[in-house]
Amino acid sequence: MRLTFFGVRGSIPSPGPEFAKYGGNTACVHIQLDDGTDIVLDAGTGIKNLGQQLISKQSDIHLLLTHNHWDHIQGFPFFSPIYQPGRNIFITPGMTTYDEHDAILKQMTGSYFPVHHKSLQSNIVLEAIDEEINSWQINGATIYRHAMNHPGSGSSYVIEADGAKVAYITDNELYPPYRKETDFLQWVDFAMSADIIIHDAQYMLSDMPAKSGWGHSVAEEAVKLALASRAKRLALYSHDHIRTDEQIAAIESHCQEVIAIAEDDLQVFAAAEGLAIDL
Ligand SMILES: [Zn+2]
């Protein structure tokens, strides 16, 4: 499979030269399986550029949403394949506590967007999967999910395919002050031996306690999870919208120093738009 980051930012896009290295678009990751299957994780503003690639194909698109906060759905109205006649787009909503599985489509109604989703010529299918079901297949991939620790909750995903395992765990607060959906050791089990963990690392220790309860993790906590899970790689993800390239690079090097001291083989890096990894 090939995994590509199209949006790595949390909360709101960050345009400007000081955000150019890691990128300013909000959450979107693309996985193309060896058989050509397209799996898309989240529909933040990064999905716009992905759409320009996928428009050349006619095959089904499988979009897995974590939750409906704006930074995870706001690119959808600009995703070119939704305007492609007959294109099949299957959307799995996140397991949010608010029962609004169609929120991604509702943003394409009168008040929010000029084009109504009912006028689209693609074939959009919302597939809300029963919350009792925690694994299913998309062609050659097995998908697993777990509830996020985040205001309004949602889904984190593991994708296993082509002999590789990807854990996509964003907008997750590993140590929240509110009641946890998922405990740290359950996360370790979920992400165990992953080839890559993409984990929320929006905050620094200096952001706490002010941002405790906002639904994101401190970068060092993500490192702890990756080490405990014996993952091969950790992509620090969901960068704070105010964090400049220089500041993200400093967080990245700090985490790399921790790994070096632990003499572990884990590769840690800050996710950047356009970065592609073959697994
Ligand atoms: Zn969120």
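None of these values were measured; they are calculated from a predicted model. Just follow the structure's listing: the first ligand is 1, and inside any ligand the first atom is 1.
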Check your understanding: Counting backbone and side-chain atoms alike, does Asp71 have an N/O/S atom under 2.8 Å from the Zn ion (ligand 1)?
Key -> no
Review point. Does NZ or CZ of Lys224 fall inside the cone over Phe184's six-membered ring, less than 6.0 Å from its centre and within 45° of the axis?
Key: yes
Exercise for review: Verify whether one side chain among Asp171 and His69 offers a donor that lies under 3.5 Å from an acceptor in the other.
Suggested key: no
Review point. Does His72 put an N, O or S atom under 2.8 Å from the Zn ion (ligand 1)?
Key: no
Check your understanding: Side chains of Thr142 and Glu160: donor-acceptor distance under 3.5 Å anywhere?
Key -> no
Practice item. Could you verify whether a donor N or O on one side chain and an acceptor N or O on the other, from His254 and Glu220, lie under 3.5 Å apart? Key: yes
Review point. Do you see an N/O/S atom of His150, backbone or side chain, under 2.8 Å from the Zn ion (ligand 1)?
Key: yes
Revision key, fill the gap. Checking distances from the Zn ion (ligand 1), one finds that the N, O or S atom of Asp171 closest to it is OD2
**Study point:** Between Asn172 and Asp200, a side-chain donor and acceptor under 3.5 Å
**Key:** no
**Study point:** Atom name, His69 (N, O or S, nearest to the Zn ion (ligand 1))
**Key:** ND1
